[in-house]
Protein chains: 2
Amino acid sequence: MNIGQAARASGISAKMIRYYESIRLIPSVVRSESGYRHYAEADIHRLRFVRRARDLGFPVEQIAALLRLWDDRSRASAEVKEIALGHVASLRDKARQLEEMAAALQHLAATCHGDDRPDCPIIEDLAGGAARGHQHHARNGGA
Amino acid sequence: MNIGQAARASGISAKMIRYYESIRLIPSVVRSESGYRHYAEADIHRLRFVRRARDLGFPVEQIAALLRLWDDRSRASAEVKEIALGHVASLRDKARQLEEMAAALQHLAATCHGDDRPDCPIIEDLAGGAARGHQHHARNGGA
DNA sequence: TCCAGACCTTCCCATCATGGCAAGGTCAAG
DNA sequence: CTTGACCTTGCCATGATGGGAAGGTCTGGA
């Protein structure tokens, strides 16, 4: 199987397959005499593993760790679980941060008329909280 | 005020102030004869505006739009509100995606013993769903 | 046999926002 | 005048991905 077929079979673009190989996330595959990469079933499985892990938002570094654990038949499931739960925590943390920003901004937007008047609490907040109204500042604009 | 003081006053690193200037998010400030940037109060206000918008997760492009609206005393508040609510939606969307990943992974992890046995539903799922157990695949790993 | 077109290779560039480092100029205080 | 803090520009790196160029390979058909 050439890289294009491997890409279609795994759901990872050829570009990314080469990239993953370059950073050693996946091993170098065999090449034909002319230099074409050749993928066997086991390689496709590995790529699909990577694909699923990416879909779950794992950073590449952690995927590397998961692949090592996959290869190690005797590792404790606790090791895998620890990585997984650590990642869950990090995902939740990021989600919470985004949600907090959204809530703050929505709160601000709720007090904005949103009509054709120029009055806007959102801009006023960004401009420095409740303190000032709207000081002008036309400046030496042209770079 | 030099760039370092402006950085301290605005909460944006000197590096980022220069960057923002280079991409024209903020206008070029006046320079001393020796080339040092000099910041006036109005510049600091503008930088703080940018800082707050960044804290709310606005991408730089949208901050540029907000700054234009800030400068335009006659614009309708509806324009600002639209940008803000659009951003709220995008933040919520990202947060939801992360949360979905976290939930899926947590669900998976819940079925994993997490002890010293090698059995691990997490790895098994990544390796290809319920289909196979754990096929081996030692390969030309060397790279 | 030869060509077209689809495929492959490597290499470089861009994203987005940020930090780091290096080489060199400037300024203020001692 | 020296020292040290500060400034300047420029390049490189991140993390994961896409785009494109320049050139080699393979396959099928006329």
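Because the structure is predicted, anything quoted here is derived from the model rather than measured. In what follows, every chain begins at residue 1, and chains take the letters A, B, ... in the order their sequences are listed.
- Considering only side-chain N and O atoms, Tyr20(B) lies under 4.0 angstrom from the phosphate OP1 or OP2 of dT18(C).
- Summary of the strand contacts: Pro59(B) and Tyr36(B) both lie near DNA chain C, and taking for each the nucleotide with the nearest heavy atom, the more 5' one is attributed to Pro59(B).
- Between the CZ atom of Arg24(A) and the C1' atom of dG15(D) there is a distance of 19 Å, given to the nearest Å.
- Separating the CZ atom of Phe58(A) from the P atom of dG15(D) is a distance of 17 Å, rounded to the nearest angstrom.
- Using a 4.0 Å cut-off between a side-chain N of Lys or Arg and a carboxylate O of Asp or Glu, Arg46(A) and Asp71(A) qualify as a salt bridge.
- In this model, the phosphate group of dG19(C) is not approached by any side-chain N or O of Tyr19(B) to a distance below 4.0 Å at OP1 or OP2.
- The interatomic distance linking Arg18(B) (CZ) with dC11(D) (C1') rounds to 14 Å, in whole Å.
- By the neighbour-count criterion of 12 heavy atoms within 6.0 Å, atom CD of Gln5(B) is densely surrounded, having more than that number from other residues, nucleotides or ligands.
- In this structure, CD of Glu21(B) is placed 17 Å from P of dA17(C), rounded to the nearest angstrom.
- More than 12 heavy atoms of other shown residues, nucleotides or ligands fall within 6.0 angstrom of atom CD in Glu100(B).
- Between Arg31(A) and dG24(D) there is no side-chain N or O to OP1 or OP2 distance below 4.0 Å.
- Rounded to whole Å, atom P of dA16(D) lies 14 Å from atom CD1 of Ile26(A).
- Per the geometry, NZ belonging to Lys15(B) stands 16 Å off C1' belonging to dC16(C), to the nearest Å.
- A residue-by-residue look at Ile23(A) and Ser32(A) shows that Ile23(A) has its nearest nucleotide of DNA chain D further toward the 5' end.
- If you measure from atom CE of Met16(B) to atom C1' of dG20(C), you get 14 Å, rounded to the nearest angstrom.
- Rounded to a whole Å, the CG atom of Asn2(B) is 8 Å from the C1' atom of dC6(D).
- The side chain of Ser13(B) places no N or O atom within less than 4.0 Å of a non-bridging phosphate oxygen (OP1 or OP2) of dT18(C).
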Begin from the C-alpha positions of His38(A) and Val29(A) and carry the test side-chain contact (heavy atoms from CB on, under 4.5 Å) through to its verdict. CA-CA 6 Å; His38(A) 183 260; Val29(A) 293; 5.9 Å; no
Arg52(B) vs Asp55(B), test: salt bridge (Lys or Arg N to Asp or Glu O under 4.0 Å). Steps then yes/no. CA-CA 5 Å; Arg52(B) 294 200 184 85; Asp55(B) 285 349; over 6 Å; no
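- Contact check, Arg37(B) against dT9(D): a side-chain N or O comes under 4.0 Å of OP1 or OP2.
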